[in-house]
Amino acid sequence: MIKRCKIHVGYDFLILIAIFYLLDTERLLWISLLAAGIHELGHLAMMVLLKVPMLEFRLSAFGACIVPGNPSSLSYRKEFLVAIAGPLLGFFASVIAAKSQQFVFAGINFSLSLFNMIPIPPLDGGRVLRSVLGLFLPINVIDICFKVIGISVALFLVIISLRYSATAQCRLSLILFSSFFLYRVFMNLD
């Protein structure tokens, strides 16, 4: 089902990689990219197993996205399985890496997987939440629950990042990322 899948690499992704490469004194860029690749491989493998056609693979500064050929054809069960597959493979990779005493790689995989399970729209956790709610609730109730939970979590992240930056060294990246997620939640409010 990978036939004729377009690959789109955004300029923002290339700029981010270049900046990371120049500032990466610990040489974590390649480890992080490998962890992200393992994560996306989990999604891709599940899509292939479920015979979900892929339209496009996008890379941007805010992550990767595999776009299904017909998103409306995904049942809640398939959406759940595809969304959870990336973080699960990342958690599995972190366990294997830790047992091999590759603690940096284990930590990056674990952190990436845990971060992706935050239940807000652009992340896998948001997709998991929506698909689980879809199994039990009507669509109008799902939308309300999803919006309330998404806004609550995104606002919590913004408040925590502002609080943290006020009490410790300024973490502008944390504020920017949490603000981006809040923006994404509000953009999905239709």
Side-chain angles (χ1 to χ4, degrees), residues 1-48 54-69 71 82-98 100-128 153-154 157-158 160-162 164-165 168-185 187-188:
M1 297 293 163
I2 304 178
K3 299 174 187 174
R4 298 185 184 172
C5 179
K6 297 177 188 175
I7 297 175
H8 176 77
V9 179
Y11 292 115
D12 57 344
F13 175 77
L14 297 174
I15 291 168
L16 181 67
I17 294 297
I19 291 169
F20 200 142
Y21 180 76
L22 292 172
L23 300 177
D24 184 18
T25 59
E26 301 296 319
R27 302 291 180 227
L28 297 177
L29 173 64
W30 307 116
I31 297 171
S32 300
L33 288 175
L34 180 59
I38 288 170
H39 176 93
E40 292 305 320
L41 183 62
H43 294 306
L44 182 65
M46 187 57 70
M47 290 178 82
V48 170
M54 286 160 272
L55 180 65
E56 185 176 15
F57 180 76
R58 295 183 198 148
L59 285 171
S60 74
F62 293 105
C65 178
I66 301 173
V67 181
V82 169
I84 200 79
L88 283 180
L89 189 58
F91 284 131
F92 180 71
S94 70
V95 168
I96 299 297
S100 303
Q101 297 187 351
Q102 300 296 319
F103 298 114
V104 172
F105 186 60
I108 289 173
N109 268 294
F110 184 81
S111 299
L112 177 66
S113 297
L114 190 63
F115 177 78
N116 264 282
M117 288 308 297
I118 296 172
I120 51 180
L123 299 177
D124 297 328
R127 294 171 54 207
V128 166
V153 170
L157 290 173
V158 169
I160 292 298
S161 65
L162 290 172
Y164 178 71
S165 67
Q169 295 176 349
C170 183
R171 301 284 186 223
L172 183 59
S173 60
L174 187 60
I175 295 169
L176 290 175
F177 273 109
S178 60
S179 300
F180 167 74
F181 289 126
L182 184 62
Y183 167 77
R184 286 293 302 261
V185 168
M187 290 304 293
N188 287 333

- Query: Between R127 and V82, is any pair of side-chain heavy atoms under 4.5 Å apart?
  - Reply: yes
- Nearest-0.5 Å distance that lies between atom CG in D124 and atom CE in M117: 7.0 Å
- Query: Hey, what do you get for CD (E40) to CG (L33), rounding to the nearest 0.5 Å?
  - Reply: 11.5 Å
- Message: Nearest 0.5 Å, please: how far is CZ in F105 from OG in S32?
- Response: 9.5 Å
- Note on the structure: For A98 and A106 the tightest heavy-atom approach is N-CB, 3.6 Å
- Take L44 and M54, measure what side chain to side chain contact (heavy atoms under 4.5 Å, CB included) needs, and give me the verdict at the end. CA-CA 9 Å; L44 182 65; M54 286 160 272; 3.0 Å; yes
- Crowded around F92 CZ? As in, over 12 foreign heavy atoms under 6.0 Å? no
- Rounded to the nearest 0.5 Å, the CG atom of L34 sits from the CH2 atom of W30 at a distance of 11.5 Å
- At their closest point, which heavy atom of H43 faces which heavy atom of A83, and how far apart are they? CE1-O, 3.2 Å
- For the residue pair D12 and L16, establish whether any side-chain heavy-atom pair is separated by less than 4.5 Å. no
- Message: Please list all pairs meeting side chain to side chain donor-acceptor pair (under 3.5 Å) that have one or both residues in residues 107-116, counting only residues at least two apart or in different chains.
- Response: none
For residues 60-69, which side-chain donor-acceptor pairs fall under 3.5 Å, sequence neighbours excluded?
unit_1	atom_1	unit_2	atom_2	d
S60	OG	F62	N	3.2
S60	OG	G63	O	3.4

- Is there side-chain contact between I31 and Q102, with heavy atoms separated by less than 4.5 Å? no
- Message: As an exercise, state the distance from CD1 of I96 to CZ of F91, rounded to the nearest 0.5 Å.
- Response: 14.5 Å
- Is the number of heavy atoms from other residues, nucleotides or ligands under 6.0 Å of F110 CZ greater than 12? no
- Task: Indicate the atoms forming the closest heavy-atom contact of P119 with V153, along with that distance.
- Result: CG-CG2, 3.9 Å
- Item | Rounded distance [0.5 Å steps], CG in L14 versus OH in Y21 | 15.0 Å
